[in-house]
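Have a look at the structure below, then the notes.
Chain naming here is simple, since letters A, B, ... match the order of the sequence lines and numbering starts at 1 in each.
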Amino acid sequence: GNSVTQMEGPVTLSEEAFLTINCTYTATGYPSLFWYVQYPGEGLQLLLKATKADDKGSNKGFEATYRKETTSFHLEKGSVQVSDSAVYFCALKRSGATNKLIFGTGTLLAVQP
Amino acid sequence: GAGVSQSPSNKVTEKGKDVELRCDPISGHTALYWYRQSLGQGLEFLIYFQGNSAPDKSGLPSDRFSAERTGGSVSTLTIQRTQQEDSAVYLCASSSTREINEKLFFGSGTQLSVL
């Protein structure tokens, strides 16, 4: 079946540190891949997406590259800020399907000043 | 509306009671999704609406769960005879069209606690 696996948190970093949150997926066909973010007290919102192999999604200094050979979509940021503290969810959408998303379990990121 | 609105934001109920959770999507959004977020779990898909019809109900965990949507707008998720394992945050999302890879807009959720 289709599934998403992401690293367990919490991830605790100091401000300006480099961030990687790992995400791997299992899917048939050619899924689209997403990162959603949930800031404290807010609803989930789309952070970035990639719709085909080798695409790179980017937003707010975050990047993720769709790697079909390793079935991965790892989230990276070169220098995190306290305001990046949130829960990050990796998700996939099956090719040809509705916009129904299959989510990972989420990774809590805590950035300390 | 400005965003997806869910009510109530918190609901505490006793085991065996019925509850109704409401979702008011962004005006004009034809697609609506319900998800459940349990402690330590990811977001679990429950049901998808396109307009007033539900072509995908595959995530509803049991026949105690049902949902409807009227006027292509507001949706209600009903849980009958609640159990403690139903305790979770119930999230609603909407999107504007069937366009592929359309972004989902999420509400802040309803925190359901079954005692």
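Within a 6.0 Å sphere centred on CD of A:E42, other residues, nucleotides and ligands contribute more than 12 heavy atoms. Within a 6.0 Å sphere centred on CD of B:Q83, other residues, nucleotides and ligands contribute more than 12 heavy atoms. Residue-environment remark: NZ (A:K52) stays at or below the threshold of 12 foreign heavy atoms within 6.0 Å.
Note on B:I79: it clusters hydrophobically with B:L46, by side-chain heavy-atom contacts below 4.5 Å among ILVMFWY residues. With hydrophobic clusters built from ILVMFWY side chains whose heavy atoms lie under 4.5 angstrom apart, A:L19 shares a cluster with A:L47. Hydrophobic clustering (ILVMFWY, side-chain heavy atoms < 4.5 Å, transitive): B:I26 and B:L21 are in distinct clusters. Note: the hydrophobic cluster containing A:I102 does not contain B:Y90 (ILVMFWY, side chain heavy atoms under 4.5 Å, direct or indirect links). B:I47 and B:Y35 are not part of a single hydrophobic cluster, where members link through side-chain heavy atoms under 4.5 Å apart.
Once rounded to the nearest 0.5 Å, the distance linking CG of B:L43 with CG of A:L44 reads 5.5 Å. Expressed to the nearest 0.5 Å, how far OH of A:Y36 lies from NZ of B:K103 amounts to 8.0 Å.
Judged by the 6.0 Å and 45° rule, A:K100 forms no cation-pi pair with B:Y48.
If you measure heavy-atom distances from A:Q38 to chain B, the contacts under 4.5 Å come from the side chain alone. Only the side chain of B:S58 comes within contact range of chain A, with heavy atoms under 4.5 Å apart. Residue B:Q37 touches chain A through its side chain alone, counting heavy-atom pairs closer than 4.5 Å.
Listed in order of number, the residues of residues 104-115 of chain B that approach chain A to under 4.5 Å between heavy atoms are B:L104, B:F106, B:G107, B:S108.
Among residue pairs with one or both ends in residues 69-96 of chain B, those qualifying as salt bridge (charged side-chain N to carboxylate O under 4.0 Å, His left out) are B:R64-B:D86; sequence neighbours excluded.
For B:F45 and A:F103, the ring centers are positioned 6.0 Å apart or more.
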